[in-house]
Amino acid sequence: MTLIRRYHIVKKFFSSQTEIPPNLPEKCTKRILSGIQPTGALHLGNYVGAVAQWLKLQDKYEIILSIADLHSMTLPYEPKQLSKNILELTATLLGCGINPNRVILFQQSSVPAHTELYWSLGCISTMARLAHLPQFKEKSVNLKEIPLGLLVYPVLQAADILCYKATDIPVGEDQLQHIQLTQDLARIFNNRFGATFPIPHSLILENKFIKLRSLRDPSKKMSKSDPDPKSRICLLDTPDHVLKKIKRALTDFTSEVTYDPKDRLGVSNLIDIHSFVSKKSVEDICREAENINTGQYKNVVARAVVEFLDPIQKSTAKYLQNEDYLLSVLESGRKKASELAEQTLDEVRMKSGLKLSVQKVNKIKASL
Ligand code: AQP
C-alpha cells in the first residue's frame, strides 16, 4: 500500500480538522487529552463543563487526563493544601465515575516529559504572541507583579498536549486561543525539525458551552478559586450547605421563574443548574415553576442538586478512606503516561539535535 493511500485511510479516522503530516500516518491514533487543576474542591461548573464530558467519552476513546498540578502553581498557593487537593481531586474524579482502567489518570508533575517539551516549545514561541493571549491580559490586568508562569503557561499546555500526540482536546470557549497556539507551535516544530506532531483540534461537545455562573455574582463564572465559597456548589458540599448557598444565590427583583440568560442571569443560572442535575428541559422547568416564586424555586433546585450529588459523595467518601488506592491509581497512570510521552520526547530529542548516537556522529562528521 502506498504511503499516500495509507495516509488517506488513517485520515478518514480523524475528524476533518485534524491535520496529520503525510509521513506520520501509522503513528497516530485518536487520542483525547484533558486536564484539571487541583486549585480547590471540584464544583458543579467543573462537572458540567468537564467531568460530564469525560464520562461520556471514556467508553469510546483513549483519554489521557492530567491532574494539572504544575499549572496550579501559576498563582500563589499553599504546598500542604496543594497535596491535599491532588488527593481529593483524584478521589472525587473516581467518585464521579472516571474509570482508571479506561482513562490514564495521573499527576502532570510526575511525568517530566511535559516540562522538557515545554522548554523546546518555549524556544520557538515569542513573547509578543503569549502576551496577546486574552487569558493573560485578563489575569494580569490587576497584578502589580506578574508571575512569569502566567505568561508562559499556555506553552506548558501545548507541551501537555503534544507530548502525547493528542488529536482531540475538549475545551471551553476561553481556551480556544490556547489550542490555536498549540497548533501553531506544532506546525512550527514540524516545519523546522521534520514532521513530528499531528495538529490537534478542539473538541466542542454538547453542553460544553454551558458555563455555570457564580451564585454570588452571576456576571462571573463559577470558579474553584473564587475567594467567596458561597459562589459555588462543591460536589462534596453537605445538603445543608447546598441549601444555604442556593438560598443566598443572587437573583433579581422579579419573582417569576423565567429563563432569560441575557437579562436575568441569576435565575437563568439556577435553571441551568436545575436542568443539568434533573435532566429536565428548561421549558419543562419553567412550566412546572409557573405558580411559585424564585424564593420557593430555590428550594426545588436545592433538592434536585442534593439528590444529584448524593451518589457522587458516597462513592468519593469511600475512595477518600483509601489513600493507598488513590496513590496506586496515580502511579499506574504515571507509568502509562510516561511510556507514551517518553516515546515522543525521544523523537523530539533526536530531531532537534539533542540526542547523539555513534551513527549520527559519524554521519555528521562525514557531512562536515
Ligand atoms: N463555571 C464553569 N462552568 C462550566 N465549566 C467550567 N469549568 C470550569 N468552571 C466552569 C471547566 O472545568 C474544567 C476545569 O479546568 P481547570 O481546573 O483547569 O480550571 P478552570 O477552567 O479555570 O476552572 P476553575 O474552576 O475556574 O478553576 P480556577 O479557579 O483554579 O481557575 C475546564 O474544562 C473548564 O472549562
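Residues: numbered from 1 along the sequence shown. Atoms within each ligand, like the ligands themselves, are counted from 1 in listed order.
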Pull out every atom of ligand 1 sitting under 4.0 Å from any heavy atom of K211, numbered as shown with elements. 3 (N), 4 (C), 35 (O)
Aromatic rings Y153 and H178: how do their planes relate, parallel, tilted or perpendicular, breaks at 30° and 60°? perpendicular
Angle class for the F276/F308 ring planes (parallel below 30°, perpendicular above 60°, tilted otherwise)? perpendicular
State whether the shortest distance between N or O atoms of M222 and N or O atoms of ligand 1 falls below 3.5 angstrom. yes
Nitrogen or oxygen atoms of R213 and ligand 1 under 3.5 Å apart: no
So is I36 polar-close to ligand 1, meaning N/O to N/O under 3.5 Å? no
Going by the atom numbers of ligand 1, which of them fall below 4.0 Å from some non-hydrogen atom of S225? 28 (P), 29 (O), 30 (O), 31 (O)
Give a yes or no on whether R129 atom CZ has more than 12 heavy-atom contacts from other residues, nucleotides or ligands under 6.0 Å away. yes
Check R349 with E342, please: is the shortest side-chain N to carboxylate O separation under 4.0 Å? yes
Within-shell test, V48 vs ligand 1, heavy atom, strictly < 4.0 Å: no
Per-atom filter on ligand 1: closer than 4.0 angstrom to a heavy atom of A50 are 12 (O), 13 (C), 33 (O)
For the pair I179 and Q157, evaluate side chain to side chain contact (heavy atoms under 4.5 Å, CB included) and give the outcome as yes or no after the intermediate values. CA-CA 9 Å; I179 301 300; Q157 277 185 334; over 6 Å; no
Is it the case that ligand 1 has an N or O less than 3.5 angstrom from some N or O of D226? no
Nearest option to atom 19 (O) of ligand 1, as decided by whichever heavy atom of K220, Q37, Q53, Q157 sits closest: Q37
Using the salt bridge (charged side-chain N to carboxylate O under 4.0 Å, His left out) definition, which of the options R31, K30, K336 pairs with E62? R31
Heavy-atom contact check, 4.0 Å cutoff: does R232 meet ligand 1? no
Report the part of H71 (side chain from C-beta onward, or backbone N, CA, C, O) that has a heavy atom under 4.0 Å from ligand 1; answer both or neither where that applies. neither
Side-chain (K165) to main-chain (F197) donor-acceptor, under 3.5 angstrom: no
Mode of T39 contact toward ligand 1 - side chain, backbone, both, neither (heavy atoms, under 4.0 Å): side chain
Counting from 1, what ligand 1 atoms have a heavy atom of G49 closer than 4.0 Å? 4 (C), 5 (N)
Donor-acceptor pair, side chain of S110 and main chain of Q107, under 3.5 angstrom: yes
How many angstroms lie between atom CG of D324 and atom CG of N322, to the nearest 0.5 angstrom? 6.0 Å
